[in-house]
Amino acid sequence: MRFSLFLGCFIPVRLPHIEKVARSVLGEIGVELQDIGGFTCCPEPVGFHINDRLTATAIAARNIALAEEQGNDIITLCNGCTYVLKQVNEELKRDSELRDKVNEVLSETDHEYRGTIDVKHFAQVLNEDIGLDRLAKKVERPLSGLSVAGHTGCHILSPPDVMKFDDPYDPVVLDNMVAALGAEPADFSMKTICCGWTLTNYGERQSANQLVGAKLQAMEIAGSDCISVICPQCFYQFDTGQMMATRSLKLDLKLPVLFYLQLLGLSMGYSLEDVHYGMHRVKSQGFEEKVGRILA
Amino acid sequence: MAALDEKPELGEAPEKGNEPKTLTIEAEICFKCGVCCVIRDHSCHAQHAIHFNPKHTYVYDCLGSGDPAGNSNIWLCVSCHKCEELCPYEVSPVHIIESLKAQSFEEGRAHPLIVGEIKQIVSTGYAFPLTGSSSRQREKLGLEALTQRSEEDLRRISEKTGLVAKLQRYEVEET
Ligand code: SF4
Ligand code: SF4
């Protein structure tokens, strides 16, 4: 099973340890990743795609075209990249007039969008191409007794007819992925509320702190040992954002966040050190000891 | 108030791919019921910003202000589509707010961080600056060093679509 790896920006620039873990874990479960040097930013949905649609559509179409030239579907590691690339891919497959217009723009480069491939988030690849039953067979050390608050994030859920991932009102796919590793999905309130990325960037810091703080408290009340995410922006909010929110709101809680592929790595025999947990801002002794007991 | 079946005034037809959504009619059918914002467990995250309340919701702040494209709160919207999915009256606040953002960007009034990000992307291929600390981390992890990506193609694309001209508007203001 071969894919063109679309890394995006956030992971390679700000969370390179997730790239490291993704390359190795995905490789071990049989997903062959091919790199493409010419990929650019997807481009970012909220900052770019909304504000200049034609340029953003052309840039996304160019990225898709590069994977078409390589003959692979795209695998992404980020909800935002998936949101833009999937929407553009679907729009251009459907609307031949827009496709012609975009290809006219792309004629300035050496690329042409043809509409021959699919774009998939890695969570979709795990569910659809590998299957959770087969994934569960890769688990060497079931994470029994570990309670995990799964935060799916917004942009992979909606619009559901394009993203085709899960129910935006009651998402369960990430919980099923957590359960496949032997861990226990936590049932917490505010599960579907955004991580607060734009409040952090374009609003007052205190608003973002309150939102992150409220979500963390809901996760803690539900008995979670840690959080799991499938998007780097969400990761950042629950790691660096958690550090800032708990400090500012004087909250006495620490819920480490793990990118799902790190959690998968742990269940496959990796140590906390192997998944580069040491690079996280929020670490908790209680969590480390519990994982130590489970993995022993 | 325009009749609901009347076509909104949109001026000259915009270029394919850059059409604004129909703003007026959609905004007018909002009943200000608040559903899109007040459900604490599942609705608009921007409602959690300190200055909104159940009577003055985030969505209504965006839809109802005198100069909507100049309202700095529009940039808080994350395009999560929850408002659209929850609205019982088929208003799509997300589409309205996205159109306001595009209008604001076109008119040279976008949030400076947005303009900075777009410039960053078309000149380097990345949404974030490549920093010394990230290259040190990558080296330590044994990952390849990052370099600028396809900036020549990005420059050609943004010239052809007119983005370069739009960005120049911001540069005139800066100088
Ligand atoms: S957009 Fe819809 S849900 Fe929101 S206040 Fe208006 S009518 Fe109510
Ligand atoms: S799309 Fe924007 S306005 Fe609608 S619920 Fe999400 S953040 Fe709020």
Side-chain angles (χ1 to χ4, degrees), chain A residues 9-10 12-14 16-17 19-20 37-41 43-48 50-55 57-59 62 83 97-98 101-102 104-106 108-109 111 154-155 157-159 168-169 189-199 201-204 206-207 210-211 214 276 279, chain B residues 15-19 40-46 48-51 72-73 75-82 84-85 98 101-102 104-106 110-111 113-114 117-118 121-122 125-131 134 137-138 141-143 146 149-150 152-154 156-163 166:
Chain A
C9 306
F10 206 106
V13 179
R14 292 192 170 175
H17 70 292
E19 175 182 336
K20 181 79 181 176
F39 273 153
T40 65
C41 177
E44 200 270 306
V46 182
F48 199 152
I50 289 165
N51 304 311
D52 193 320
R53 258 182 206 268
L54 182 59
T55 313
T57 302
I59 293 175
R62 178 186 169 281
Y83 180 81
E97 205 188 317
L98 180 62
K101 170 90 195 161
V102 162
E104 194 194 319
V105 174
L106 289 189
E108 298 290 315
T109 69
H111 306 287
C154 307
H155 290 133
L157 293 174
S158 297
Y169 288 97
S189 69
M190 296 182 79
K191 190 177 178 184
T192 53
I193 296 269
C194 171
C195 66
W197 178 247
T198 52
L199 278 184
N201 283 311
Y202 311 113
E204 296 98 351
Q206 199 54 10
S207 301
Q210 284 183 10
L211 176 61
H276 305 285
M279 293 176 83
Chain B
E15 270 203 286
K16 183 85 187 154
N18 265 347
E19 311 94 327
R40 183 178 177 274
D41 267 16
H42 175 97
S43 61
C44 178
H45 84 297
H48 290 256
I50 5 207
H51 35 273
S72 62
N73 288 329
W75 305 104
L76 298 179
C77 171
V78 76
S79 291
C80 67
H81 295 255
K82 291 203 169 57
E84 174 184 65
E85 288 156 9
E98 287 184 350
K101 288 181 177 180
S104 176
F105 179 63
E106 173 96 44
H111 193 296
L113 288 175
I114 297 281
E117 184 187 309
I118 293 178
I121 292 172
V122 294
Y126 293 90
F128 308 101
L130 304 179
T131 61
S134 93
Q137 279 186 4
R138 291 187 66 85
L141 289 161
L143 292 169
L146 301 176
R149 309 186 275 200
S150 314
E152 182 54 27
D153 275 7
L154 292 173
R156 289 184 189 172
I157 290 173
S158 8
E159 255 170 26
K160 180 93 175 170
T161 61
L163 172 62
K166 280 189 209 170

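Every chain is numbered from 1, with letters handed out A, B, ... down the list of sequences.
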Determine the option with the most heavy-atom pairs under 4.5 angstrom with chain A, choosing from I114(B), V78(B), L146(B).
-> V78(B)
If you tally heavy-atom pairs under 4.5 Å between each of E117(B), K82(B), R40(B), H42(B) and chain A, the highest tally belongs to H42(B)
Pairing of E97(A) and K101(A) as salt bridge, 4.0 angstrom limit = no
Hey, which of L113(B), N73(B), T131(B) has the most heavy atom pairs under 4.5 Å with chain A?
-> L113(B)
Hey, which of P168(A), P43(A), G196(A) has the most heavy atom pairs under 4.5 Å with chain B?
-> P168(A)
Are any side-chain N or O atoms of T57(A) and backbone N or O atoms of R53(A), one a donor and one an acceptor, separated by less than 3.5 Å?
-> yes
With a 4.5 angstrom heavy-atom cut-off, which part of I157(B) approaches chain A: side chain, backbone, both or neither?
-> both
T55(A) and D52(A): side chain donor to acceptor below 3.5 Å | yes
Okay, I121(B) and chain A: the region with an atom under 4.5 Å from a heavy atom over there is side chain
Max heavy-atom pair count under 4.5 Å with chain B, selected residue of E19(A), Q210(A), E104(A) | E19(A)
By a 4.5 Å heavy-atom criterion (distance strictly below it), what part of L154(B) contacts chain A: side chain, backbone, both, or neither?
-> side chain
K20(A) (side chain) donor-acceptor with H276(A) (main chain) under 3.5 angstrom = no
Between Q137(B), E84(B), H51(B), E85(B), the one whose heavy-atom pairs under 4.5 Å with chain A are most numerous = E85(B)
So what's closer than 4.5 Å to chain B heavy atoms on H17(A): side chain, backbone, both or neither?
-> both
Calculate, to the nearest 0.5 Å, the distance between atoms OG and NZ belonging to S158(B) and K166(B) respectively.
-> 11.0 Å
Would you indicate whether the side-chain heavy atoms of P159(A) and Y83(A) approach each other to under 4.5 Å?
-> yes
When rounded to the nearest 0.5 Å, the distance separating OH of Y202(A) from NE2 of H111(B) is 7.0 Å
Among Q206(A), K191(A), M279(A), which has the most heavy-atom pairs under 4.5 Å with chain B?
-> M279(A)
Count the heavy-atom pairs under 4.5 Å between each of F39(A), F10(A), F48(A), W197(A) and chain B, then report the option with the highest count.
-> F48(A)
Sort C44(B) into side chain, backbone, both or neither according to what part of it lies under 4.5 angstrom from a heavy atom of chain A.
-> neither
Side chain S207(A), main chain I50(B), donor-acceptor under 3.5 Å | yes
Starting at OG1 of T40(A), measure out to CZ of R149(B) and round the result to the nearest 0.5 Å.
-> 6.5 Å
Heavy-atom pairs under 4.5 Å with chain B, option from C154(A), G37(A), S158(A), A58(A) with the top count = S158(A)
Contact part of L157(A) toward chain B, heavy-atom cut-off under 4.5 Å: side chain, backbone, both or neither?
-> neither
Nearest 0.5 Å, what's the CE-OG distance between M190(A) and S43(B)?
-> 9.0 Å
